[in-house]
Amino acid sequence: MKHAFTLATSSRTTTPVMITKLEYDGFTGYGEASMPPYLGESHNTASDFLSKVDLSTFSDPFLTEDILDYIDSLAPGNYAAKASVDIALHDLTGKILNVPLYKLWGLDPGKTPDTSFTIGIDTPEVVRQKVEEASGFKILKVKLGGSNDKEMINTVREMTDVPLCVDVNQGWKDKKEALDMIFWLKEKGIVFVEQPFNKDDRDNSAWLTGNSPLPVIADEAVQRLKDLPDLKGLYSGVNIKLMKCTGLREAWKMINYARSVGMTVMLGCMTETSCGVSAASQLSPLVDFADLDGNLLINNDIFDGVKVIQGKITLPDKPGIGVELTNDIFN
Ligand code: MG
């Protein structure tokens, strides 16, 4: 990673990923598992999981629903490893049809949102440097939940007037202090607050969401489609990530469910290559907020894909998830 990535509960300088390749009839689809350690997956668990996969019983890669049900049934958990197969399968079928995924899903590539760029918890000097690097972005995401929340916001605000969102990563403890902080943040031009309390702290979450003048978005508290009904009354929105929900197929279902019950919908990512980020970006015309900057935080991207142009997610006119491998690690 370009900078150490510091959140309320952890700091790291690398993120293990695994790239998955599916071949059929001369076409190749690419997928990715990104595995930040706090989610419990690793190169070992992903290798074990992927070694169980045998797609030779399926005659046709377009049996997406059946294939992904089979993948999900192989073992519990392993959400990122499952996502790597899902992404590769969608890339493969898009390439066979020679159509970008957004087109298959009937989405307007002109409706992609601006993506936020993430500013991790740091000293004012480093924060200033990061904000300067992020000058092309139209919205910034500031990590809070450390010991210097107001200093973080004030430092960013000294340098830019763009809208900000904040991600507390479960770092706040006291509900009254949290609400006071949210009123202060609203004055500073913050547009939403992500995961203020521990994911299991239902009482504080419900109280805060009921009283907050800003949308309160669930991230760590939600992984898959089955978790969404349980968020009712606890959060006003949800941050959907391919690596949490087993991939594009389920993310599509989650976006539609969340919309149907009036939730704010956000699409996020881990630190990952342009493979995972380009895949998620295909769904971005559907969402209110996108935080798809994970590929911009790393030094060793091996794919060329989605671009951020004047802050906006810009989808390539290429089939599948729209990526090309620029460093062939498979040879
Ligand atoms: Mg988050």
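Counting convention: from 1, in listed order, for ligands and their atoms alike.
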*Residues in side chain to side chain donor-acceptor pair (under 3.5 Å) with Thr20, at least two apart?*
Ser84
_Sole residue of Lys199, Arg224, Arg202 in salt bridge (charged side-chain N to carboxylate O under 4.0 Å, His left out) with Asp230_ = Arg202
*Report the protein N/O/S neighbours of the Mg ion (ligand 1) that fall below 2.8 Å; do not count waters.*
Asp167 OD2, Glu194 OE2, Asp219 OD2
*Answer yes or no: is there an ion pair linking Glu158 with Arg128, defined by an N-O contact shorter than 4.0 Å?*
yes
*Hydrophobic clusters join Ile, Leu, Val, Met, Phe, Trp and Tyr when side-chain heavy atoms are under 4.5 Å apart, directly or via other members; which others share one with Phe192?*
Ile139, Val191, Ile217, Met266, Phe289
_Could you work out, with side chain to side chain donor-acceptor pair (under 3.5 Å) as the rule, every residue matching Ser34, not counting sequence neighbours?_
none
*Measure the shortest side-chain to side-chain distance between Thr45 and Phe49 over non-hydrogen atoms and say whether it is less than 4.5 angstrom.*
no
